[in-house]
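First the structure, in the form of structure tokens, and then the observations on it.
All chains are named by letter (A, B, ...) in the order of the sequence lines, taking the proteins before the strands, and each is independently numbered beginning at 1. None of these values were measured; they are calculated from a predicted model. The basis for the numbers below is simple: all heavy atoms, side chains too, and nothing from hydrogens, waters or symmetry mates.
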Protein chains: 2
Amino acid sequence: MNEVLKTMSNHRSIRHYLKKEIPNDVLEQIIGAAQWASTSSNVQAYSIIKVKDQARKEKLAELCGNQQHVINCPVFLVFCGDFYRLSLAAKMENTETNFDTVEPLLVATIDAALVAQNVLLAAESCGIGGVFIGGIRNNSKEVSELLQLPDYVYPVFGMCLGYPDMKNIPEQKPRLPLQAILHEEIYQTENQEKYIEEYNEVMKNYYETRSTGKRSETWTENVSKIYQAPRRLHLRGFIESKRFGFK
Amino acid sequence: MNEVLKTMSNHRSIRHYLKKEIPNDVLEQIIGAAQWASTSSNVQAYSIIKVKDQARKEKLAELCGNQQHVINCPVFLVFCGDFYRLSLAAKMENTETNFDTVEPLLVATIDAALVAQNVLLAAESCGIGGVFIGGIRNNSKEVSELLQLPDYVYPVFGMCLGYPDMKNIPEQKPRLPLQAILHEEIYQTENQEKYIEEYNEVMKNYYETRSTGKRSETWTENVSKIYQAPRRLHLRGFIESKRFGFK
């Protein structure tokens with residue numbers, strides 16, 4: 001296994017950090033490498049806000065649902081879908097832009113995710129750990145005001161980064177069997193239940209034996225709760241307020 | 001620079017391949033490593049369809065806007081946002097699911113993008129090249145029928161993979177200046193035009209000197225055309241047909 005595969009295969013979400021700064025040149029090397037991620041038609045429809053200010057991290061932690069690691073991490077990144085830059089480009093060329101359909105929302109969300117996955121992996125290759133924070137979408141409007149996001153820019157997720165506290169490294173959370181997520185030629189519905197049941201056993205064992213808080217739960221018990229009710233009902237209105245449409 | 005940063009920093013989109021299969025065990029090692037990508041609340045809301053059948057690749061190439069590399073690549077992957085598996089999980093637990101808001105669409109799109117970026121980088125670390133195919137969203141309904149995607153599953157993008165034809169390796173397409181995409185504490189609008197103008201010069205020079213088709217164009221000339229008219233107007237209706245809502 002080469003170093004890239006090894007680094008990927010060693011991923012776990014890190015929520016406990018040493019009190020140690022990430023040097024600026026290290027962070028810039030990480031994000032500079034990550035920028036080579038693919039991007040739709042070279043639009044590079046994303047921006048990253050780097051937050052180190054303690055008061056701002058505290059406010060963000062609260063807006064993300066009181067996540068302590070957002071306060072404790074030395075660097076908190078907010079990944080945004082960003083068509084502001086493209087709207088400027090269009091102005092500079094005296095043309096109009098149209099973000100009225102779902103397409104640009106998908107493009108910017110994908111561009112932000114591609115670069116973010118690179119950022120986390122690059123960080124991990126430098127001995128830094130981190131965790132994605134979907135909770136940044138809990139209070140999109142307030143986050144947007146705090147970070148002064150202009151039109152056409154919305155927060156997709158956050159990311160805590162820091163040097164891992166080695167006394168608090170979690171076990172790896174097992175993934176679905178490869179066959180469940182990889183289909184041959186067409187989507188294979190037949191065996192999904194079987195794979196899910198296999199995975200239920202694996203996850204039950206994981207939760208029962210892990211060091212960072214034991215409980216007894218299968219995968220289906222866990223994830224079936226998440227989408228019982230409509231989630232983040234404010235999102236559509238917020239995204240529209242950033243001048244994206246849903247035609 | 002470590003191997004991960006080096007592999008990332010060497011990325012370019014590869015559209016010309018040797019006539020050489022990717023061994024199954026290599027592909028499974030790549031996707032197996034990529035699966036360790038982060039995922040929202042462990043939902044793993046994605047699936048990957050591996051297409052090798054020539055006739056199916058030809059049909060997909062046509063649906064993606066006649067992209068020859070979709071036919072020529074030995075392996076074409078279609079990355080899908082997938083809540084079918086979670087809807088099964090809910091059925092197994094006798095609970096209801098609700099995908100009526102924009103949130104699950106973002107979650108599944110992000111999950112698919114995170115794993116896909118890992119897949120491409122893992123492939124690159126094994127000497128394989130590739131390119132993302134956003135054109136898979138040109139004809140979502142037809143792609144969905146061809147791949148027999150069930151409810152709650154939609155194509156996000158495709159990816160061509162193959163061993164690069166070394167006679168046809170493109171130069172790297174330069175990225176925006178780091179300062180343009182990385183903001184300190186709050187979104188910095190002030191200098192965006194300056195960075196864009198710097199990048200215009202870089203891109204003009206890139207297009208004028210590259211080996212794979214010279215032309216003279218700046219970044220703003222190039223990207224300002226892309227969103228002049230509403231793009232992929234069918235997407236919302238298609239995604240609704242897959243039982244996602246936009247509340």
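Using a 4.5 Å cut-off between heavy atoms, A/F76 does not touch chain B at all. With a 4.5 angstrom heavy-atom cutoff, A/L120 touches chain B only via side-chain atoms. Heavy-atom distances place the side chain of A/F132, and not its backbone, under 4.5 Å from chain B. Interface remark: A/E124 contributes no atoms to any contact with chain B (heavy atom separation under 4.5 Å). Heavy-atom distances place both the backbone and the side chain of A/A37 under 4.5 Å from chain B. Proximity to chain B involves both the backbone and the side chain of A/S41, based on heavy atoms less than 4.5 angstrom apart. Residue A/C80 does not touch chain B at all, counting heavy-atom pairs closer than 4.5 Å. The part of A/R137 that comes within reach of chain B is its side chain, from C-beta onward, which places non-hydrogen atoms under 4.5 angstrom from that chain. Residue A/V115 does not touch chain B at all, counting heavy-atom pairs closer than 4.5 Å. A/I226 touches chain B through its side chain: at least one heavy atom from C-beta onward sits under 4.5 Å away, while N, CA, C and O do not. For chain B, the nearby part of A/E93 is the side chain; its heavy atoms alone come within less than 4.5 Å. For A/D111, no part lies near chain B; criterion is any non-hydrogen pair under 4.5 Å. Contact of A/F79 with chain B is not made at all, since no heavy-atom distance falls under 4.5 Å. Of the two parts of A/N42, the backbone and the side chain both hold a non-hydrogen atom closer than 4.5 Å to a non-hydrogen atom of chain B.
Crowding of A/K225 atom NZ: a count of heavy atoms from other residues, nucleotides or ligands under 6.0 Å exceeding 12. In the displayed structure, A/Q172 atom CD is contacted under 6.0 Å by more than 12 heavy atoms of other residues, nucleotides or ligands.
Taking the six-membered ring for Trp and thresholds of 30 and 60 degrees, B/F244 and B/Y152 have ring planes more than 60 degrees apart, a perpendicular arrangement. The aromatic rings of A/F99 and B/Y227 sit tilted, their planes meeting at an angle between 30° and 60°.
Highest contact tally toward chain A, considering only B/S40, B/P104, B/A116, is held by B/P104 [criterion: heavy-atom pairs under 4.5 Å]. With respect to chain A, the highest number of heavy-atom pairs below 4.5 Å among B/E184, B/H183, B/R175 belongs to B/R175. In terms of heavy-atom pairs under 4.5 angstrom with chain B, the leader among A/A113, A/P230, A/G237, A/A90 is A/P230. Considering only heavy-atom pairs separated by less than 4.5 Å from chain A, the leading option among B/T97, B/T7, B/I110, B/L235 is B/I110. Interface check for chain A: of the options B/Q117, B/K6, B/Q29, the most heavy-atom pairs under 4.5 Å are formed by B/Q117. With respect to chain A, the highest number of heavy-atom pairs below 4.5 Å among B/N222, B/I49, B/I196, B/V51 belongs to B/I49. Ranked by heavy-atom pairs shorter than 4.5 Å toward chain A, the options B/E197, B/Q44, B/K91, B/M92 are led by B/Q44. In terms of heavy-atom pairs under 4.5 angstrom with chain B, the leader among A/R231, A/Q148, A/Q35 is A/Q35. Options A/D100, A/T109, A/N2, A/L77 differ in how many heavy-atom pairs under 4.5 Å they form with chain B, and the most are formed by A/N2. The residue among A/D53, A/L146, A/N118 with the most heavy atom pairs within less than 4.5 Å of chain B is A/N118.
Using a distance-only test at 3.5 Å, with no hydrogens or angles considered, no donor-acceptor pair links the side chain of A/S224 to the main chain of B/T95. Between the side chain of B/N98 and the backbone N or O of A/A229 there is no donor-acceptor pair closer than 3.5 Å. The closest donor-acceptor contact from the side chain of A/N200 to the backbone of A/W219 lies under 3.5 Å. For the pair B/R236 (side chain) and A/K247 (backbone), a donor-acceptor distance under 3.5 Å is absent. In this structure, B/Y199 contributes its side chain and B/K194 its backbone to no donor-acceptor pair below 3.5 Å. Under the 3.5 Å distance criterion, the side-chain polar atoms of B/Q192 are left unmatched by any main-chain donor or acceptor of B/T189. Not a single donor-acceptor pair under 3.5 Å links the side chain of A/E193 to the backbone N or O of A/N191.
Using a 4.5 Å heavy-atom threshold, the side chains of B/R232 and A/V102 count as separate.
Between B/K50 and A/E185 there is no salt bridge, since no side-chain nitrogen of the basic residue lies less than 4.0 Å from a carboxylate oxygen of the acidic one.
Remark: the A/Q54 side chain and the A/K57 side chain contain an N/O donor-acceptor pair separated by less than 3.5 Å.
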